[in-house]
Amino acid sequence: MCKNHFNPIHCIIPPHMLDKLMLSDNKEIADLAVNSSFRSNRYRSDRAFFQASTDHAKTVLGVISGVTGPAVLQMSVYDNKHRTDFTHAKLLYDSTTNQAVTSKDAKNVIAGGKASWDFYFQLFGRNSIDNKGMTISQYIHYDRKMENAYWDGRRMVYGDGDGVIFASFTSDMDVIGHELTHGVTEHEANLEYSKQSGALNESFSDIFGIMIKQRFLNQDVKTADWLIGENVLKGKQYALRSMKAPGTGYVNHPLLGTDPQPATMDKYVDLPDTSQGDYGGVHINSGIPNFAFYVAAYNMGGYSWDKAGRIWYAVLTDESLAQDAQFVDVKNLSIVHAEKLFGLNSPEVTAVKQGWIAAKV
Amino acid sequence: MKIRLVRSGGFIPLIKKAETETEMSEQELTGLLDLIQADPSAPRIKDGNSWELEIGERTTAIDPEKVPDEYKELFDKLKDNLKIVK
């Protein structure tokens, strides 16, 4: 077990002692203990470990940069070589050296990572996922033909797709922005991934993902297609989701059937809080707040991020947004923030109200 | 004995299943399930997939990363044969 390193702290210290050593006043011992604890935990569940870690522990492990100078994008991209563990991943790109990459998937996630970082920093002054300069870590070629992308609390992970129904999950910038925004949400309201709060978690990711793409493409609310993952799901008539018309991302797909998203609260889908129930339909009922945002942004006109985006970012970062927030809580907060930002009887407040009325929340 | 692998969840929430006959004994399967059982306290991964192994009436949440080398071929075969359940 300990043949690959030679510091005793890495090998023989039991967990309860490591916990104490991580709090040591001696920085060298504390940092070694953090690293050792990380190695031990990794075999059990590195995902659980990172979510439970303190900011100091994350800094030692490089998850948070620890740099206190001017905000600068820090990003790493790895090739996971079709494996499901991350220990053999090969570094392809590091923003500090900015070396050229040839792989299309690597180019996609670098562009998506940069566009996402720029979006949050240039519009809201947010320095990366945690607002503390966290390195954006992206892993491509995860598993064999995996039809998915996810955020594990530390990194964004992308599969290649099966090549039949799904293309690479790096193919759409909105998917990359979606995953990065899961990290932002985790560091803000940390919405519980279940039922309505889970659907809001998904909706914030769709909303910011679509705005990141629209801004990159310089599309206004009328010229944008409001489709999520139109290149990931193969076939030009298909997309993973539609924010403009939830439930129409794909219709009568030969293998997937029809997009199950509702657009309105009266069609809310009550599913069990299990993985097979999509944790209460978090990817399904997100259609409802997605539609409210779309209508609000469309009625405001111009670019989605100029007005509606500012309102929804204020909601996402509002300390009163509870982890178990319901749709109506986001509705109320979005009206409050529209009033604060644009005035009590402003057209923007009216547009926000129209959005939630359209979604029947 | 017939075993069935079930994958659920994801960016687009699909349920996919694959099954195969194995010559493993009840005892060997029980031992394997003990080894690969998912940690119930692990946080939910945003857009992550979940995996279950169904053996008869028994369903166990598993972590595919824990599958020992000697069973990897079996699991890879099952993963390759996953089909969407509508």
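Chain letters run A, B, ... following the sequence lines, proteins first, then strands; residues in each count from 1.
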Looking only at heavy atoms and a cut-off of under 4.5 Å, which of A/Leu256, A/Asp259, A/Thr185 has the most pairs with chain B?
A/Leu256
Best-contacting candidate, A/Leu255, A/Leu240, A/Val232, A/Val282, against chain B by heavy atom pairs under 4.5 angstrom
A/Leu255
Candidate list A/Phe169, A/Tyr150, A/Tyr158, test ring-ring contact (aromatic ring centres under 6.0 Å, His included), partner A/Tyr142, passing option
A/Tyr150
Looking at A/Val175, A/Ile228, A/Asp85, which one has more heavy-atom pairs under 4.5 Å with chain B than the rest?
A/Val175
Is the B/Phe11-A/His178 ring centre distance short of 6.0 angstrom?
yes
A/Phe291 six-ring face occupied by A/Lys244 cation (under 6.0 Å, within 45°):
no
Pick one of side chain, backbone, both or neither for B/Asp76, based on which atoms fall under 4.5 Å of a heavy atom in chain A.
both
For A/Asn285 and A/Gln196, run side chain to side chain contact (heavy atoms under 4.5 Å, CB included): C-alpha distance rounded to whole Å, both residues' side-chain angles, the deciding distance at 0.1 Å, then the answer.
CA-CA 7 Å; A/Asn285 294 310; A/Gln196 284 197 35; over 6 Å; no
Looking at chain A, which one of B/Leu82, B/Ile12, B/Val85, B/Leu14 has the largest number of heavy-atom pairs inside 4.5 Å, strictly under?
B/Ile12
A/Phe208 and A/Tyr120: aromatic ring centres closer than 6.0 Å?
yes
Residue, of A/Thr274, A/Asp162, A/Asp278, A/Leu233, that accumulates the most heavy atom pairs under 4.5 Å with chain B:
A/Asp278
Non-hydrogen atoms of chain B under 4.5 Å away: do they reach the side chain of A/Ser194, the backbone, both or neither?
both
Please work out which of the three classes, parallel, tilted or perpendicular, describes the rings of A/Phe86 and A/Tyr139, given edges at 30° and 60°.
perpendicular
Cation-pi between B/Lys79 and B/Trp51: NZ/CZ under 6.0 Å from ring centre and within 45° of the ring axis?
yes
A/Met146, A/Arg83, A/Glu202, A/Arg144: which one forms the most heavy-atom pairs within less than 4.5 Å of chain B?
A/Arg144
Quick one: of A/Glu179, A/Lys145, A/Glu192, who has the most non-hydrogen atom pairs under 4.5 Å with chain B?
A/Glu179
